[in-house]
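To start, the structure under review is shown below, and the notes come after it.
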Amino acid sequence: MKTFYLETFGCQMNAHDSEKVAGTLLARGYSQVETPEEADLILYNTCSIRDKAEQKVFSRLQQFKSGAGKGKVFAVLGCVAQQEGEKIFEKAPHVSLVAGSASYGKLPEMLVQLEAGNRHVTGLSFDADETFETPITRGDKPHRAYITIIEGCDKSCAYCVVPFTRGPERSRTAASVMAEARRLAEFGYTEIQLLGQNVNSYRDPSPEGWDFATLLERVAEIPGLRRTRFTTSHPRDFVKEIVDAIGRNPVLCDHIHLPVQSGSDRVLERMQRLYTRDEYRRRIEWIKNARRPISITTDVIVGFPGETEADFEETLALLDEVEYDSIFSFKYSPRPTTSALGLDGHIPEEEKARRLSILQEKQRAIQMRRNNELAGTTLEVQVEGYNQATGQWIGRTSQNRILNFTHPEGCRASLDGQYLQVLVTRAGPNSLAGESAGENLF
Ligand code: SAM
Ligand code: SF4
């Protein structure tokens, strides 16, 4: 029997792709090992969204360049593979397989070639019109499962490599998504996350033609599911029906991630985001006026080419206005093939770093304030694990906050994946702490 080691970088989509790649390998008789040293086949599922992410895979490959990787087969999968293509064979001659995510459907054939000793196997075309589906395999989390509903992206944000690395949008049929969700629920999964770079532009390709809000509602009706989440939303395609659906059905988690990127109209236009600050704020208003409170999170890029101090201050003002529950913030990173490379006004790294730290400091204070408001309340968590060092269990609320808590008794295995009521006793900027208030009889 052959062994494989698979390391994943980047987003949720990559993590889920890796589950499917692992499923394909397991089905071919491979077994998964924990370290590259033990493996015959070493796979890196890569991310190229920012320069730092891309560098990681080359530094990993470097470790095996001289002798250490003898007798092993190396594969580079995902976004760096798609972006760099056959150049990877020159940069790292010990690599034998280079394949982007649109080609994973052909993985079984590519494995046959590798096993036959072929040392230059590629999967780089976008002609795979079928999305990549495999039978259910062991997911990385015991009770939360991911379902890709749409692959690729048809937007062309000026800074972003995704349309080049993941290709054009392809929606899965609603029937296939529903069948997978039902199977997962029957397997005992209680939480499902629907994934796509822009889930809001989902459109069932079959004659029923469900839109995203319809699919979301139908998934949440599947017996056995207690939580349904989705990511990522694009403000341009985000519709009020999604908020209404969350308001109606408590199985739909009360959390929306709505990336804004910048609070300045001038920057949004240069980024080709296809919405204005006011259009974005209108969507925030829908969410804030929902039937039940919904947490809101976002992504922000600072130091996009041409961003002035005044533009940056508009982003800071938007943070104050929306009071996000959490944000992911990044310094703009120039990426190959993207149109932003040709823009004027590139900003020095030190200035980007200065803006990032001002933004993060402001957001930290907002989160501290928002989280403090939750002290004294009781929230339902799904248990994700146990922290030996602190003696606390780790839970996640429906609003996607981490809530660490103590529990009077019970061994580790008995709480993982359970839903419990927890009394919040303390708040920090990034998490809450509390004590178990008993089982939830939902
Ligand atoms: N499709 C999603 C959307 O439109 O919001 C997110 C895609 S991307 C994987 C996640 C985040 O990475 C983006 O929202 C953006 O904030 C950030 N990002 C993408 N390209 C970047 C770049 N060149 N430099 C810095 N951050 C970037
Ligand atoms: Fe990238 Fe924009 Fe597509 Fe998101 S919507 S993946 S940021 S191009």
Side-chain angles (χ1 to χ4, degrees), residues 8-17 45-55 78-80 82-83 100-102 146 148-171 193-202 212 230-238 256-264 267-275 280 283 296-307 312 315 318-319 324 326-343 346-347 349 351-353 355-356 359-360 363:
T8 309
F9 303 91
C11 65
Q12 211 68 269
M13 297 279 292
N14 263 11
H16 184 42
D17 281 348
N45 187 5
T46 62
C47 169
S48 63
I49 201 84
R50 285 169 291 276
D51 184 52
K52 244 194 212 156
E54 184 180 332
Q55 291 320 318
C79 294
V80 175
Q82 194 67 51
Q83 183 184 290
S101 64
Y146 301 95
T148 310
I149 61 165
I150 179 167
E151 307 223 22
C153 181
D154 279 351
K155 296 279 184 288
S156 32
C157 302
Y159 50 81
C160 186
V161 287
V162 169
F164 305 100
T165 59
R166 287 189 166 270
E169 271 177 15
R170 287 102 63 209
S171 288
Q193 276 193 28
L194 304 179
L195 296 181
Q197 290 299 339
N198 176 6
V199 287
N200 307 140
S201 69
Y202 173 84
F212 176 64
F230 56 93
T231 196
T232 294
S233 288
H234 189 292
R236 163 78 172 223
D237 303 317
F238 186 83
I256 292 174
H257 184 66
L258 197 61
V260 67
Q261 315 298 358
S262 167
S264 150
V267 175
L268 287 173
E269 197 180 343
R270 284 167 68 89
M271 286 178 165
Q272 297 172 47
R273 282 293 286 180
L274 310 175
Y275 54 85
Y280 181 86
R283 282 144 184 78
I296 310 172
T297 58
T298 200
D299 293 346
V300 176
I301 296 176
V302 298
F304 186 74
E307 183 189 69
F312 174 58
T315 302
L318 189 74
L319 294 197
Y324 291 104
S326 159
I327 67 170
F328 294 101
S329 49
F330 313 102
K331 290 184 283 180
Y332 165 70
S333 171
R335 303 283 57 220
T337 63
T338 58
S339 63
L341 286 180
L343 291 175
H346 280 259
I347 292 175
E349 275 307 304
E351 178 56 18
K352 288 188 219 169
R355 291 182 192 178
L356 187 68
L359 183 101
Q360 290 179 338
Q363 180 58 24

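Just follow the structure's listing: the first ligand is 1, and inside any ligand the first atom is 1.
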Between [X] and ligand 1, does any nitrogen or oxygen pair lie at a separation below 3.5 Å?
X	result
Gln197	yes
Tyr332	no
Ser333	yes

Residues Cys11 and Gln197: closest non-hydrogen pair is SG-NE2, 4.3 Å
For atom 18 (N) of ligand 1, which of Arg236, Arg50, His257 has the closest heavy atom? Arg50
Mind checking whether [X] has a heavy atom under 4.0 Å from ligand 1?
X	value
Thr232	yes
Asn198	no
Lys331	yes

Could you find the nearest protein heavy atom to [atom] and give me its residue, atom name and distance?
atom	value
atom 11 (C) of ligand 1	Asp299 OD2, 3.4 Å
atom 20 (N) of ligand 1	Tyr159 CD1, 3.2 Å
atom 5 (O) of ligand 1	Pro259 CG, 3.1 Å
atom 9 (C) of ligand 1	Ile49 CD1, 3.6 Å
atom 7 (S) of ligand 2	Tyr159 OH, 3.4 Å

Would you find more than 12 non-hydrogen atoms of other residues, nucleotides or ligands less than 6.0 Å from Gln55 atom CD? yes
N/O donor-acceptor pair under 3.5 Å between [X] side chain and [Y] backbone:
X	Y	value
His16	Tyr146	yes
Lys331	Glu349	no
Tyr324	Asp299	no
Asn45	Ala15	no
Arg166	Cys153	no

Under a 4.0 Å heavy-atom limit, does Phe330 contact ligand 1 with its side chain, its backbone, both, or neither? side chain
Once you restrict to heavy atoms under 4.0 Å, what part of Arg335 touches ligand 1? Side chain, backbone, both or neither. side chain
Would you please say whether a donor-acceptor pair under 3.5 Å links the side chains of Arg273 and Tyr159? yes
Could you check whether Glu169 and Ser201, counting side-chain N and O atoms only, form a donor-acceptor pair closer than 3.5 Å? yes
Taking 2.8 Å as the upper limit, name the protein N, O or S atoms near atom 2 (Fe) of ligand 2. Cys157 SG
Considering only heavy atoms of Gln261, which atoms of ligand 1 have at least one such atom less than 4.0 Å away? 5 (O), 13 (C), 14 (O), 15 (C), 16 (O)
Atom indices of ligand 1 within 4.0 angstrom of Arg273 heavy atoms, with elements: 4 (O)
Sidechain N-carboxylate O distance under 4.0 Å for Arg270, Glu307: no
Listed by chain and number, what are the side-chain contact (heavy atoms from CB on, under 4.5 Å) partners of Gln82, not counting sequence neighbours? Leu124, Phe126, Thr165
Side chain proximity check, [X] to [Y], heavy atoms < 4.5 angstrom:
X	Y	answer
Ile347	Arg355	yes
Thr297	Phe328	no
Ser339	Gln272	yes

